[in-house]
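Report on the following structure.
All values below were derived from every heavy atom in this structure, side-chain atoms included, with hydrogens, water molecules and symmetry-related copies excluded.
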Amino acid sequence: ETGRRGEDVALDWLRAHGFWLRDRNWRGGHLELDIISLKGNELHIVEVKSRVAPVMAEPQRNVGRTKQRRLVAAAQAFLHGEDRKNLPADLEIFFDVMSVVFYGTGAEFDIEYYPNAFIPLYA
């Protein structure tokens with residue numbers, strides 16, 4: 001439930017900042033993308049990390065190397081599949097992270113947006 005509420009808050013924030021929702025909780029086999037959004041010719045793959053205070057570590061710290069690899073694999077599956085239809089040809093792709101920390105009853109929260117949080121490296 002915390003994850004779903006965090007995604008709702010993140011989506012509201014993104015919309016308020018000019019992003020358009022392309023897909024939410026997209027699944028390709030065992031891979032998943034929380035939010036896929038567009039802003040101009042930019043495609044933003046947004047990983048949302050939600051927690052209830054007090055937290056021992058910042059939620060975005062849970063997007064380590066393994067999670068990044070899974071996000072990149074999921075994005076590749078999305079871009080090479082049928083879901084690619086109706087997207088601009090000249091897309092720039094960004095991997096963003098949003099952190100949502102809820103306090104008390106959950107009506108109060110902090111949200112942090114980390115655009116271009118990581119750049120996939122291919123070796």
Side-chain angles (χ1 to χ4, degrees):
E1 183 181 326
T2 300
R4 181 73 174 174
R5 285 186 348 184
E7 287 177 8
D8 290 343
V9 167
L11 187 53
D12 289 344
W13 188 96
L14 289 165
R15 285 181 172 146
H17 287 85
F19 291 82
W20 179 77
L21 176 66
R22 175 61 174 80
D23 214 326
R24 181 174 177 179
N25 299 119
W26 178 88
R27 287 193 173 278
H30 63 282
L31 301 170
E32 180 186 5
L33 298 171
D34 291 340
I35 296 175
I36 303 169
S37 61
L38 288 165
K39 189 172 187 180
N41 72 330
E42 300 174 354
L43 184 75
H44 291 261
I45 307 296
V46 183
E47 176 67 11
V48 181
K49 291 296 182 188
S50 307
R51 300 289 185 269
V52 175
V55 294
M56 296 301 288
E58 298 168 326
Q60 67 275 13
R61 297 234 182 248
N62 291 321
V63 184
R65 210 174 270 195
T66 300
K67 182 63 174 180
Q68 290 174 13
R69 282 192 205 110
R70 292 181 61 78
L71 290 169
V72 171
Q76 288 174 330
F78 173 81
L79 291 169
H80 294 307
E82 287 296 310
D83 297 299
R84 169 78 175 168
K85 290 180 182 176
N86 302 320
L87 290 176
D90 62 341
L91 279 177
E92 289 188 63
I93 301 166
F94 297 93
F95 291 88
D96 306 340
V97 174
M98 293 191 84
S99 166
V100 181
V101 177
F102 293 100
Y103 299 95
T105 62
E108 295 179 31
F109 57 86
D110 285 332
I111 188 167
E112 295 286 335
Y113 175 53
Y114 301 92
N116 208 16
F118 68 92
I119 299 169
L121 299 176
Y122 301 97

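Considering only heavy atoms from C-beta on, Trp13 comes within 4.5 Å of Met98 through its side chain. When side chains are defined from C-beta on, Phe78 counts as touching Leu87, because their heavy atoms get closer than 4.5 Å. Put simply, the side chain of Leu38 does not reach to within 4.5 Å of the side chain of His44, judged on heavy atoms. At least one side-chain heavy atom of Val63 sits under 4.5 Å from a side-chain heavy atom of Gln68. Side-chain contact between Leu71 and Leu33 is present, with heavy atoms from C-beta onward closer than 4.5 Å. A heavy-atom distance below 4.5 Å is not found between the side chains of Val97 and Glu112.
Smallest separation of non-hydrogen atoms from Arg70 and His30: NH2-O, 3.2 Å. Heavy-atom minimum distance, Trp26 versus Ala74: CZ3-O, 3.5 Å.
Linking Ile, Leu, Val, Met, Phe, Trp and Tyr residues whenever their side-chain heavy atoms come within less than 4.5 Å leaves Ile36 and Leu31 in two separate clusters. At a threshold of 4.5 Å between side-chain heavy atoms, the hydrophobic network of Ile, Leu, Val, Met, Phe, Trp and Tyr places Ile93 and Tyr114 in one connected group. Each of Ile35 and Phe94 belongs to its own hydrophobic cluster when Ile, Leu, Val, Met, Phe, Trp and Tyr are linked at side-chain heavy-atom distances under 4.5 angstrom.
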For the pair Leu21 and Leu14, evaluate side chain to side chain contact (heavy atoms under 4.5 Å, CB included) and give the outcome as yes or no after the intermediate values. CA-CA 8 Å; Leu21 176 66; Leu14 289 165; over 6 Å; no
Would Phe95 and Ile119 count as a side chain to side chain contact (heavy atoms under 4.5 Å, CB included) here? Give the steps. CA-CA 7 Å; Phe95 291 88; Ile119 299 169; over 6 Å; no
Begin with the C-alpha distance, continue with both residues' side-chain angles, and end with the deciding distance and a verdict on side chain to side chain contact (heavy atoms under 4.5 Å, CB included) for Glu92 and Asn41. CA-CA 6 Å; Glu92 289 188 63; Asn41 72 330; 4.1 Å; yes
Starting from the C-alpha separation in whole Å, work towards a yes-or-no answer on side chain to side chain contact (heavy atoms under 4.5 Å, CB included) for Ser99 and Ile111. CA-CA 6 Å; Ser99 166; Ile111 188 167; over 6 Å; no
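Lys49 places no side-chain N or O within donor-acceptor distance of the main-chain N or O of Gly6, the cut-off being under 3.5 Å.
The only member of Asp34, Asp96, Val9 that meets side chain to side chain contact (heavy atoms under 4.5 Å, CB included) when paired with Val48 is Asp34.
Remark: Arg5 is positioned above the aromatic ring of Phe102, its terminal NZ or CZ atom under 6.0 angstrom from the ring centre and at most 45 degrees off the axis.
Taking the side-chain hydrogen bond (donor to acceptor under 3.5 Å, both in side chains) definition, one finds that Asp8 meets it with Arg24, sequence neighbours left out.
Using the six-membered ring where Trp is involved, Tyr113 and Phe19 have ring planes that are perpendicular, over 60° apart on the 30 and 60° scheme.
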